[in-house]
A.B. asks: 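This is the structure I have questions about; it appears just below.
This structure is a prediction, so every number in the text was calculated from the model and none was measured.
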Amino acid sequence: MLRKVAAAYTVLNENRFKIIAYENAATAVEHSTSEIKDLWDDGKLATIPGLGQSITQHIDELFKRGKVAHWENVFNKVPKAMFPLLDIPGVGPKTAYKLVTQLKLKNEQNAIEKLKRFAIEQKKTSLVKSVELYEKGAIKDNRININLADRIAGEMIAYLGDGVVLGSLRRRVATIGDIDIAAKTNIIDKFVNYPHKTEIIEQGPTGASIRLSNGRQVDLRIIKPAQWGSMMQYFTGSKYHNIKLRELAIKKGLKVNEYGISGKEFSNEKDFYNYLGLEYIPPELREDQGEFEMTLPKLIELKNVKGDLHMHSSYNDEPSHDLGDNSMEEMLAKAKELKYEYIAFTEHNPKHGVDILAILKRRFNYIEQLKKSNKYIRIINLLEVDIPPSGELNLPEGSEKYLDGILVSVHSEFRLDKDEMTARVLKALSHPLARIFAHPTSRLLGKREGIELDWEQIFDFCKKNNRAIEINAAPQRLDLPDVLVREAVKKKVLLSLGTDAHSTDSLEMMPYGIDVARRGWAEKSDIINCWNYDKLMKWIRG
DNA sequence: GCCGTTTTCGGCCCGACTGTTTTCAGTCG
């Protein structure tokens, strides 16, 4: 709605800063950690920067009456059929309006279809191309998980023999659109002849863009060494970080662009930031989320992690869900390779209708044996237990004899409403063995939205009752999401890192969890896996 | 329309690319 207002205002030649204000408001809503409706319920709408008095009032009206009189007025002044056209790349409000008027498009439903016919008839090739791009779904929701982007970028750089990644991939965002690569040597010819290329999108003296056979767009920029710092900074973004940076520069009487600061060039990023009176800001923090105003954290690093607290071996405890591919012994050998001090086995809980206590006892004995035969890695005996809708865990009295503690997590009935879901999770977390809330939103990137929870309640409960919340490092999960990690860190809620590995290979996914932790401003003191074994066990045993 | 450690008034990022009703508006990142 906010974007629609901005578009309509653009057509109506409203004050351009009012238009920007609406766009900023839309972005603020999209980036909010809470559903806007929930904030409204709690009367906290105005706490979101970018929503001022006027827009807050309009949103209030929207939730109370289902529509906003002022916005309806604005929409009525422009043709409805222009709005769907805005999804076409290269088509903004002005172009959409022009097209709709020219073609006398009346309704929203078939506007794009009619437009395409017109474009073909009039031989407007670039417009036809744009519509086709739109139809291919190349516009939105075409992001890939970060591990796939890493692989594509890695293969490309290996092929080129030069280059570093920029953009969202360098900021370690969970999902990636285009892949940006920068190089100091001119390798454009080699780049556009990449074997997996299907199309050269554009090619010029300072860079090129190609599309790969998997549909991914890769951009290459050749950067002069003297301008490496400012160019890296500019192309790493984020957009909002850069805008804030330039505003700050203006206040200091300086002008920032990708070539430098007021004409001065920078060969590295640190000097660039320092020149503006700022310390170097790690790429993961460049989202205009307080990195300019606040003292920067000493971010957690991979080497701080002393163990993995979520993994599934092939040990058969007759679980409700899948087993892992590798034995406990194989997982231990891999953990040794990763130089861990300890790991936790966290197979799924035994299913209904089996003798759970007998199974847990057998597993306990097996692990005790394993502890004796393996000298390098300390073993923690946990279990990942399903949270059913009732919140009642399928774990009989006496289980505590055979477990150090449990992770709890949601694996079914993802669509309960927020209050029911929160009650469900809090009930499970109240279980005396519960220590870690694993993959808390249960999202699967690009496949399944996360569950709805009252995060403030969950965080407060965990803080008060000494429960940890997991950052699941599996690249298809990355759950807790970074924005919620930030909230948890602000509230000093303990966090736990786990790969949720089902094989020895996936134990290597820990760096993706570190990325999320860093994007959430986590320091090593926020993460329980950075404790040594004794301290951790003391915490687990309560 | 939003916002504030110089401001409650007077600012609001910057440049590349595209197309063409040809020198600038529109769109994008």
A.B. asks: Among A/Thr56, A/Leu39, A/Ile55, which residue satisfies the side chain to side chain contact (heavy atoms under 4.5 Å, CB included) criterion with A/Ile48?
C.D. replies: A/Leu39

A.B. asks: According to salt bridge (Lys or Arg N to Asp or Glu O under 4.0 Å), does anything in residues 61-76 of chain A pair up with another residue at least two apart or in another chain? List the pairs.
C.D. replies: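 Counting only pairs at least two positions apart or across chains, the salt bridge (Lys or Arg N to Asp or Glu O under 4.0 Å) contacts touching residues 61-76 of chain A are A/Asp60-A/Lys64.
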
A.B. asks: For A/Ile20 and B/dC28, give me the distance from atom CD1 to atom P, rounded to whole Å.
C.D. replies: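 Whole-Å distance recorded here is 15 Å.
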
A.B. asks: Do any pairs count as a salt bridge (Lys or Arg N to Asp or Glu O under 4.0 Å) and have a residue in residues 176-198 of chain A, sequence neighbours left out, and if so which ones?
C.D. replies: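 Checked against salt bridge (Lys or Arg N to Asp or Glu O under 4.0 Å) - neighbours excluded - the pairs reaching residues 176-198 of chain A are A/Asp180-A/Arg221.
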
A.B. asks: Please measure how far the P atom in B/dC2 lies from the corresponding atom in B/dT6, and state the result in whole Å.
C.D. replies: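 Between the two P atoms, the distance is 24 Å.
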
A.B. asks: For A/Glu258 and B/dC14, give me the distance from atom CD to atom P, rounded to whole Å.
C.D. replies: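 It works out to 11 Å between those atoms.
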
A.B. asks: Please state how far atom CD in A/Glu23 lies from atom C1' in B/dT27, giving the value in whole angstrom units.
C.D. replies: 11 Å

A.B. asks: Do any pairs count as a ring-ring contact (aromatic ring centres under 6.0 Å, His included) and have a residue in residues 77-113 of chain A, sequence neighbours left out, and if so which ones?
C.D. replies: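 Residue pairs with at least one partner in residues 77-113 of chain A: A/Phe75-A/Phe83.
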
A.B. asks: How many whole angstroms separate atom NZ of A/Lys255 from atom P of B/dC14?
C.D. replies: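 These atoms are roughly 6 Å apart.
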
A.B. asks: Distance check needed: B/dA16 C1' versus A/Gln203 CD, whole Å only.
C.D. replies: 17 Å

A.B. asks: Charged N to carboxylate O below 4.0 Å: is that the case for A/Arg519 and A/Glu287?
C.D. replies: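 Yes, this pair counts.
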
A.B. asks: With syn defined as a glycosidic torsion within 90 degrees of 0 and anti otherwise, which applies to B/dT22?
C.D. replies: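 Anti conformation for B/dT22.
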
A.B. asks: Using whole Å, report how far CZ of A/Arg16 lies from P of B/dG11.
C.D. replies: 13 Å

A.B. asks: How many Å lie between OH on A/Tyr240 and P on B/dC14, as a whole number?
C.D. replies: 17 Å

A.B. asks: Name all residues meeting the side-chain hydrogen bond (donor to acceptor under 3.5 Å, both in side chains) criterion together with A/Asp454; count only those two or more places apart in sequence or in a different chain, and write none if there are none.
C.D. replies: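 Once residues adjacent in sequence are excluded, the partners of A/Asp454 under the side-chain hydrogen bond (donor to acceptor under 3.5 Å, both in side chains) criterion are A/Gln457.
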
A.B. asks: Indicate whether OP1 or OP2 belonging to B/dG15 is found under 4.0 Å from a side-chain N or O atom of A/Asn257.
C.D. replies: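 It does, given that an N or O in the side chain of A/Asn257 lies less than 4.0 Å from OP1 or OP2 of B/dG15.
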
A.B. asks: Of A/Thr206 and A/Asp180, whose nearest nucleotide on DNA chain B comes first from the 5' end?
C.D. replies: A/Thr206

A.B. asks: Show each protein N/O and nucleotides 1-4 of chain B N/O combination with a separation under 3.5 Å, one pair to a line.
C.D. replies:
from: B/dG1; atom 1: OP1; to: A/Ser54; atom 2: OG; distance (Å): 3.4
from: B/dG1; atom 1: OP1; to: A/His58; atom 2: NE2; distance (Å): 3.3
from: B/dG1; atom 1: OP1; to: A/His70; atom 2: NE2; distance (Å): 3.3
from: B/dG1; atom 1: OP2; to: A/Lys18; atom 2: NZ; distance (Å): 3.0
from: B/dG1; atom 1: O5'; to: A/Ser54; atom 2: OG; distance (Å): 3.2
from: B/dC2; atom 1: OP1; to: A/Gly52; atom 2: N; distance (Å): 2.7
from: B/dC2; atom 1: OP1; to: A/Ile55; atom 2: N; distance (Å): 3.3
from: B/dC2; atom 1: OP2; to: A/Ser54; atom 2: N; distance (Å): 3.2
from: B/dC3; atom 1: OP1; to: A/Gly50; atom 2: N; distance (Å): 2.5

A.B. asks: Identify, between A/Ile250 and A/Arg221, the residue whose nearest nucleotide on DNA chain B lies closer to the 5' end.
C.D. replies: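 Its nearest nucleotide lies further toward 5', so the answer is A/Ile250.
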
A.B. asks: So what does A/Lys244 hit on the nucleic acid, given a heavy-atom distance under 4.0 Å: a base, only sugar-phosphate, or nothing?
C.D. replies: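 Nothing: the residue A/Lys244, judged by heavy atoms under 4.0 Å, touches no strand.
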
A.B. asks: Table please: side-chain donor-acceptor pairs of residues 255-268 of chain A below 3.5 Å, with sequence neighbours left out.
C.D. replies:
from: A/Asn257; atom 1: OD1; to: A/Tyr259; atom 2: N; distance (Å): 2.9
from: A/Asn257; atom 1: OD1; to: A/Gly260; atom 2: N; distance (Å): 3.2
from: A/Ser262; atom 1: OG; to: A/Lys255; atom 2: N; distance (Å): 2.8
from: A/Glu265; atom 1: OE2; to: A/Gln227; atom 2: NE2; distance (Å): 2.9
from: A/Asn268; atom 1: OD1; to: A/Lys270; atom 2: N; distance (Å): 3.0
from: A/Asn268; atom 1: OD1; to: A/Asp271; atom 2: N; distance (Å): 2.9
from: A/Asn268; atom 1: ND2; to: A/Asp271; atom 2: OD2; distance (Å): 2.9

A.B. asks: From CD of A/Gln233 over to P of B/dG29, roughly how many Å is that when rounded to an integer?
C.D. replies: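 Interatomic distance, CD of A/Gln233 to P of B/dG29: 18 Å.
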
A.B. asks: With both distances under 3.5 angstrom, what nucleotide forms a Watson-Crick or G-U wobble pair with B/dG11?
C.D. replies: B/dC2

A.B. asks: Write down the distance separating the C1' atoms in B/dC24 and B/dC9, rounded off to the nearest Å.
C.D. replies: 32 Å

A.B. asks: For nucleotides 18-26 of chain B, give me every protein contact, N/O to N/O, under 3.5 Å, one pair per line with atom names.
C.D. replies:
from: B/dG26; atom 1: O3'; to: A/Thr95; atom 2: OG1; distance (Å): 3.3

A.B. asks: Taking the P atom of each, how far is B/dG1 from B/dT5, in whole Å?
C.D. replies: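 Roughly 24 Å separates the two P atoms.
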
A.B. asks: What distance, rounded to whole Å, do you find between the two C1' atoms, one in B/dT20 and one in B/dT27?
C.D. replies: 15 Å

A.B. asks: In whole angstrom, give me the gap between the P atoms of B/dG15 and B/dG10.
C.D. replies: 26 Å

A.B. asks: Side chains of A/Asp479 and A/Thr441: is there a donor and an acceptor less than 3.5 Å apart?
C.D. replies: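 Yes, side-chain donor-acceptor contact under 3.5 Å.
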
A.B. asks: Between B/dA16 and B/dT21, how far apart are the C1' atoms? Round to whole Å, please.
C.D. replies: 23 Å

A.B. asks: Kindly say whether, by distance alone, the side chain of A/Tyr234 makes a donor-acceptor pair under 3.5 Å with the base of B/dG29?
C.D. replies: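 Indeed, a donor on one side and an acceptor on the other fall under 3.5 Å apart.
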
A.B. asks: Is the charged tip of A/Arg286 near the ring of A/Tyr280: under 6.0 Å from the six-membered ring centre and within 45° of its axis?
C.D. replies: yes

A.B. asks: Restricting to pairs with a member in residues 43-62 of chain A, which pass ring-ring contact (aromatic ring centres under 6.0 Å, His included), not counting sequence neighbours?
C.D. replies: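 Every pair satisfying ring-ring contact (aromatic ring centres under 6.0 Å, His included) with a residue in residues 43-62 of chain A: A/His58-A/His70, A/His58-A/Trp71.
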
A.B. asks: Using the C1' atom on both, measure B/dC13 against B/dT8 and round to a whole Å.
C.D. replies: 24 Å

A.B. asks: Taking B/dT23 as the reference, what is the distance to B/dC17 when you measure between their C1' atoms (whole Å, please)?
C.D. replies: 15 Å

A.B. asks: Strictly by ring-ring contact (aromatic ring centres under 6.0 Å, His included), give each pair with a member in residues 177-228 of chain A just once, sequence neighbours left out.
C.D. replies: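 As it turns out, the ring-ring contact (aromatic ring centres under 6.0 Å, His included) pairs with a partner in residues 177-228 of chain A, which skip direct neighbours, are A/Tyr159-A/Tyr194, A/Tyr194-A/His196.
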
